[in-house]
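Letters go in sequence order (proteins before strands), and every chain restarts at 1.
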There are 2 protein chains.
Amino acid sequence: MVSIRDVAKAAGVSTATVARVLNGGTPVSPDRTERVLRAVQELDYVSNGVAASLSRGRTGLLGLLVSDIANPFTAQVARGLEDEAVRHGYQVLIASSDFDSEREAQVLASFARRTVDAVALLSSSGVGEGVARLIRNGIPTVFVDRRPPDLGEIPLVRTDSLSAAREAVRYLIDLGHTDLGMISGPAGMPTAAQRLAGFREACATAGLVVRPKCVREGFLGTQGGYTAMCEVLDLPVRPTAVFSFNNVLAIGALEAVRERDVRIPADLSLVTFDDTDLFPFVDPPITAIEQPAYDIGAEAGKLLFARIDGAETAGTDVVLPTRFHVRGSCDRPGR
Amino acid sequence: MVSIRDVAKAAGVSTATVARVLNGGTPVSPDRTERVLRAVQELDYVSNGVAASLSRGRTGLLGLLVSDIANPFTAQVARGLEDEAVRHGYQVLIASSDFDSEREAQVLASFARRTVDAVALLSSSGVGEGVARLIRNGIPTVFVDRRPPDLGEIPLVRTDSLSAAREAVRYLIDLGHTDLGMISGPAGMPTAAQRLAGFREACATAGLVVRPKCVREGFLGTQGGYTAMCEVLDLPVRPTAVFSFNNVLAIGALEAVRERDVRIPADLSLVTFDDTDLFPFVDPPITAIEQPAYDIGAEAGKLLFARIDGAETAGTDVVLPTRFHVRGSCDRPGR
DNA sequence: CTGAAAGCGCTTACAG
DNA sequence: CTGAAAGCGCTTACAG
């Protein structure tokens, strides 16, 4: 590989001069500038980014840990973060844990090795030691969507899950439903707890009793939504409306619904957290809570760069608004 | 930051010994091993990954260039690639060009700086100089899904777009359609050309004439599909069946269809390349060609690692099978 | 099994 | 404006 020394030799200058020409900033005489440029051209020189990172002390990389990049919400967050990164001359290193906490730990360990300048976390498990080390090592970190309870000082960008859930469920109640169910998320996940709390609050406020068996915890993935919905639908008495933790679980739930020939919304009303391009075209169109995923990602990026630039961001909690899309998957109860 | 020298000092050994303990491989006496481990613990030492990359001459990173990670096909490819990467102790650096060729060039330039050990390309434009430089610099590269015409020697992982398209269109013809349209992809994209060719071949074989105005080129993104479908539907005489270049365009097409109260499949039959979780639930369920996106990504990873391990991969062309899902969006023509 | 030392390929005060 | 040189923090022959 041709190195900066080869270029310097060919141009008859020092490596310092080559670096100055290539990186700009410091002035270099036109004469030498041209000689360097020509040598670069002739030798087809490309600088070594790793070496540059080492001496500069920064990599120009933002780390993003996600559970599954194929989740549409996650992908949009990634896009928002990436666009913000590009604006600052950065790139994003996305790692999917696939809900595997060991893989998550490996990714965090790798981030802690300063392979990235800052980290955004949109991960599933409570994480634990991995994040703590990241922070002890002084790597700017931001949580996206949710944050483990014991890390309150780390900034967070999110929506208000609790009130959005409460509002959606109140919508169902206003329609006349009195027997509601929920396909919930994993118990350890803060947003799962919040959405469930919103669900319960709305029911409690309306004086409704929630039957324990109507609340099923679905592990993430469509399969989890399918299983949970099967359990709900196979109850001796079905609830007349179900609230789903997110769009992935909702898709699984739809499979269960179809399999049992349950009609939506005649037999069952359905509302879900997280929207999708195709929800308006589903039979029937799915009523959903939209989160501004792209903006969440962008906001996380802004926080990270503010921190990189020396700003104090501890304790920041950015809350972005949700939108409720009323479509065709809800109706008044049939009984 | 605590460095390997601090650890060496604290443990009373050389930095070489610390490295040996931490990286394994070379044997170290139990006594020193323990001292090192204790020092690491006490100092909360985390090695610097960038420095390690520089001296090892490898970063443990695979670069993946995509147009849009939010495209479900792309996301699945990324997952397949990533899982393969993890199997080899690697991570994936995903960069979205967002269909911007300047951004694409920047990403390729960054990859060429050896910030990654190998590269998988799933990008939109013909690319040009960026890829050429990558290859001149000896960075193992693989194309995914499509490859610019002049880079035939670089390995490629793909499906057979032409015959899959032909088969899907023949299905429409067998249903009795004689006036077909297509929402095509950007003219410069090889897969767009191939799917269009498949469409034309099927029509020609059946002796059908394709009206030029029934073939619209949609720029990528749902908006492009919407516009293209609008043009088709606003023709004085509508075709009775339309074949869509991919799922994203199909979603835009559905918007146009809905807006005009066209009924699928009664007024119009629709088939699209690329499947989606939700297509079975759309009204009506969308008939689609599924590509094994995850496997495509995994296969690309295998090729890259084979090449990293010294194997010769030039000229490789891996073709994976598609699956045709007949659902409810096609019927015999109504007229 | 171990350490001194060179080397990876840049960047950047420092002195001129 | 310019170059010699130190330094970024590891890894790895080399000699013992």
Side-chain angles (χ1 to χ4, degrees), chain A residues 1-37 39-40 43-61 89 109-110 112-117 137-139, chain B residues 1-37 39-40 43-61 89 109-110 112-117 137-139:
Chain A
M1 272 300 84
V2 12
S3 78
I4 196 171
R5 294 191 49 183
D6 302 317
V7 177
K9 208 166 299 172
V13 301
S14 69
T15 60
T17 296
V18 176
R20 286 177 189 126
V21 171
L22 262 25
N23 298 331
T26 342
V28 176
S29 74
D31 163 45
R32 282 163 201 266
T33 301
E34 199 199 329
R35 264 151 56 202
V36 168
L37 257 21
V40 165
L43 299 176
D44 196 22
Y45 170 67
V46 177
S47 77
N48 182 311
V50 176
S53 293
L54 179 59
S55 50
R56 283 204 184 111
R58 57 172 221 98
T59 61
L61 247 36
S110 143
R113 281 164 188 256
R114 331 207 138 275
T115 51
V116 297
D117 296 342
N137 278 274
I139 295 179
Chain B
M1 273 302 81
V2 10
S3 77
I4 197 172
R5 295 192 46 182
D6 302 316
V7 177
K9 209 166 297 171
V13 301
S14 69
T15 60
T17 297
V18 176
R20 287 178 189 125
V21 170
L22 262 26
N23 298 331
T26 342
V28 176
S29 74
D31 162 46
R32 284 165 200 264
T33 300
E34 198 199 329
R35 265 149 57 203
V36 168
L37 258 20
V40 165
L43 299 176
D44 197 21
Y45 170 68
V46 176
S47 76
N48 181 310
V50 176
S53 292
L54 179 59
S55 49
R56 284 205 183 113
R58 56 173 223 101
T59 61
L61 246 36
S110 143
R113 281 165 189 258
R114 331 206 138 274
T115 52
V116 296
D117 295 343
N137 278 273
I139 296 178

Just the rounded figure in Å: distance from [atom2] of [N] to [atom1] of [X].
{"X": "A:Ile4", "N": "C:dC8", "atom1": "CD1", "atom2": "P", "value": "14 Å"}
{"X": "B:Asp117", "N": "C:dC8", "atom1": "CG", "atom2": "P", "value": "18 Å"}
{"X": "B:Glu34", "N": "C:dC1", "atom1": "CD", "atom2": "C1'", "value": "17 Å"}
{"X": "B:Arg5", "N": "D:dG7", "atom1": "CZ", "atom2": "C1'", "value": "11 Å"}
{"X": "A:Leu22", "N": "C:dG9", "atom1": "CG", "atom2": "C1'", "value": "13 Å"}
{"X": "B:Asp6", "N": "D:dG9", "atom1": "CG", "atom2": "P", "value": "9 Å"}
{"X": "A:Arg58", "N": "C:dC10", "atom1": "CZ", "atom2": "C1'", "value": "14 Å"}
{"X": "A:Lys9", "N": "D:dG3", "atom1": "NZ", "atom2": "P", "value": "15 Å"}

*Could you identify which residues of residues 43-54 of chain B place a heavy atom less than 4.0 Å from some atom of DNA chain C, listed by residue number, or say none?*
B:Leu54
_Donor-acceptor check, side chain of A:Arg114 to backbone of B:Ala51, threshold 3.5 angstrom: yes or no?_
no
_CG-CG distance between A:Leu37 and A:Leu22, expressed to the nearest 0.5 angstrom_ =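 Going from CG on A:Leu37 over to CG on A:Leu22, the span is 7.5 Å.
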*What's the spacing between B:Ser53 OG and B:Asp117 CG if we round to 0.5 Å?*
7.5 Å
*Relative to the 5' end of DNA chain C, which residue comes earlier, A:Met1 or B:Val28, by the nucleotide with the nearest heavy atom?*
B:Val28
*How would you list all residue pairs meeting salt bridge (Lys or Arg N to Asp or Glu O under 4.0 Å) that involve residues 13-34 of chain A, not counting sequence neighbours?*
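Only A:Asp31-A:Arg35, A:Glu34-A:Arg38 qualify under salt bridge (Lys or Arg N to Asp or Glu O under 4.0 Å).
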*So which nucleotide from C:dC1, D:dT2, C:dT2 ends up closest to the side chain of A:Arg32?*
D:dT2
_Taking the C1' atom in each of D:dG16 and D:dT12, what is the distance between them to the nearest angstrom?_
16 Å
Please report, to 0.1 Å, the donor-acceptor pairs under 3.5 Å made by any side chain of residues 1-10 of chain A, with sequence neighbours excluded.
residue: A:Ser3; atom: OG; partner: A:Arg5; partner atom: N; Å: 3.1
residue: A:Asp6; atom: OD2; partner: A:Ser3; partner atom: N; Å: 2.7

Distances for protein N or O near nucleotides 12-16 of chain C N or O, under 3.5 Å:
residue: C:dA13; atom: N6; partner: A:Arg20; partner atom: NH2; Å: 3.2

*Search all heavy atoms of A:Val18 against all heavy atoms of A:Val13 and return the closest pair with its distance.*
CG2-CG2, 3.7 Å
*How far apart are the closest heavy atoms of B:Val46 and A:Ala112, and which atoms are they?*
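Distance-wise, the nearest heavy atoms are CG1-O, 3.5 Å.
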*asked:* Applying side chain to side chain contact (heavy atoms under 4.5 Å, CB included), can you list everything that pairs with A:Ser55, at least two apart in sequence or on another chain?
replied: none
*Would you please confirm or rule out a distance under 4.0 Å between OP1 or OP2 of C:dC8 and any side-chain N or O of A:Ser3?*
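So the side chain of A:Ser3 is outside the cut-off, no N or O lying under 4.0 Å from OP1 or OP2 of C:dC8.
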_Let me check I have this right: for DNA chain D, each base becomes ., (, ), [, ] or |, based on Watson-Crick or G-U pairs with both distances under 3.5 Å. What is the full string?_
|||.||||||||.|||
*How about A:Leu61 and A:Thr115: do any of their side-chain heavy atoms sit closer than 4.5 Å?*
no
